[in-house]
Amino acid sequence: MGLAEKRLAEEIKTSKLPEFETKLQDRAGYPIKVDIDWNSFTAYNEYPLSRLDIVFDDIESFVKKICSDDMGKEALKEKLSTIYLTNTDQREAVNMELKDNKLSLHFQLAGDTFSSYTDSQIASYVEKLL
């Protein structure tokens, strides 16, 4: 990780991440912690970090879809307290899992490719488990 990645990661940690968690709380009606595997996002170059804005938007939109009514808010609160984000350079490692109140999202944001989940894909997966 070079200086550029360190600066961008620090900006995200201190500015964007708290704002994002506040948006999630506003949508869900309760606090949702977002835990980021920073090493996986800074191991390559700035590119994965710069794509976090897209990931944040999709996650906020998925929470909005689930929490469109009180029933959805209550169901999500019972099953989700933390969202864990990690990045990989291997396409076969891209997956999502909701287990023990933690939604783990593994993305491929490094290199020339971009493999992520849309808000609808995340919402569809989570909704089935609520």
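- To the nearest 0.5 Å, the span separating CD1 on I12 from CZ on F20 amounts to 11.5 Å.
- Side-chain atoms of S120 and K65 include a donor-acceptor pair closer than 3.5 Å.
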Original post:
Could you walk me through whether Y117 and M96 pass the side chain to side chain contact (heavy atoms under 4.5 Å, CB included) check?
Top reply: CA-CA 9 Å; Y117 296 104; M96 63 179 131; 3.3 Å; yes

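- S61 and D119 form a side-chain donor-acceptor contact under 3.5 Å, judged by distance and modelled atom types alone.
- Nearest heavy-atom pair, A28 versus C67, reported as atom, atom and distance to 0.1 Å: CA-SG, 3.7 Å.
- The two residues P48 and L109 have their closest heavy-atom pair at CG-O, 3.6 Å.
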For residues 100-107, run the donor-acceptor check on the side chains, cut-off 3.5 Å, and write out each pair with its distance to 0.1 Å, sequence neighbours left out.
none

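- Among all heavy-atom pairs drawn from W38 and K13, the shortest one is CZ2-CG, 3.2 Å.
- One distance of note links CG of L98 with CD1 of I122; it measures 11.5 Å at 0.5 Å rounding.
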Original post:
Can you check side chain to side chain contact (heavy atoms under 4.5 Å, CB included) on V94 and T88, steps first, answer last?
Top reply: CA-CA 7 Å; V94 174; T88 182; 4.2 Å; yes

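- Note that CD of E60 and CD of E21 are 12.5 Å apart. Values are rounded to the nearest 0.5 Å.
- Here the NZ atom belonging to K16 is positioned 10.0 Å from the NZ atom belonging to K23, to the nearest 0.5 angstrom.
- The shortest heavy-atom contact between T42 and A9 is CG2-CB, 4.1 Å.
- V126 has its side chain out of reach of L80: every pair of non-hydrogen atoms, C-beta onward, lies at least 4.5 Å apart.
- Screening residues 121-130 for side-chain hydrogen bond (donor to acceptor under 3.5 Å, both in side chains) gives T118-Q121 as the qualifying pairs, with residues at least two apart or on separate chains.
- A distance of 5.5 Å separates CZ of F41 from CG of L85, quoted to the nearest 0.5 Å.
- Smallest separation of non-hydrogen atoms from K73 and R27: CE-O, 3.5 Å.
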**OP:** Please step through side chain to side chain contact (heavy atoms under 4.5 Å, CB included) for the pair F56 and L17, ending with a clear verdict.
**Re:** CA-CA 9 Å; F56 285 179; L17 185 57; 4.1 Å; yes

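- Applying the 6.0 Å contact sphere to NZ of K77 captures no more than 12 heavy atoms from other residues, nucleotides or ligands.
- A distance of 11.0 Å separates CG in L8 from CG in L3, rounded to the nearest 0.5 Å.
- In this structure the side chain of L24 reaches within 4.5 angstrom of the side chain of V34, judged on heavy atoms.
- Within a 6.0 Å radius of CE in M71, other residues, nucleotides and ligands contribute 12 heavy atoms or fewer.
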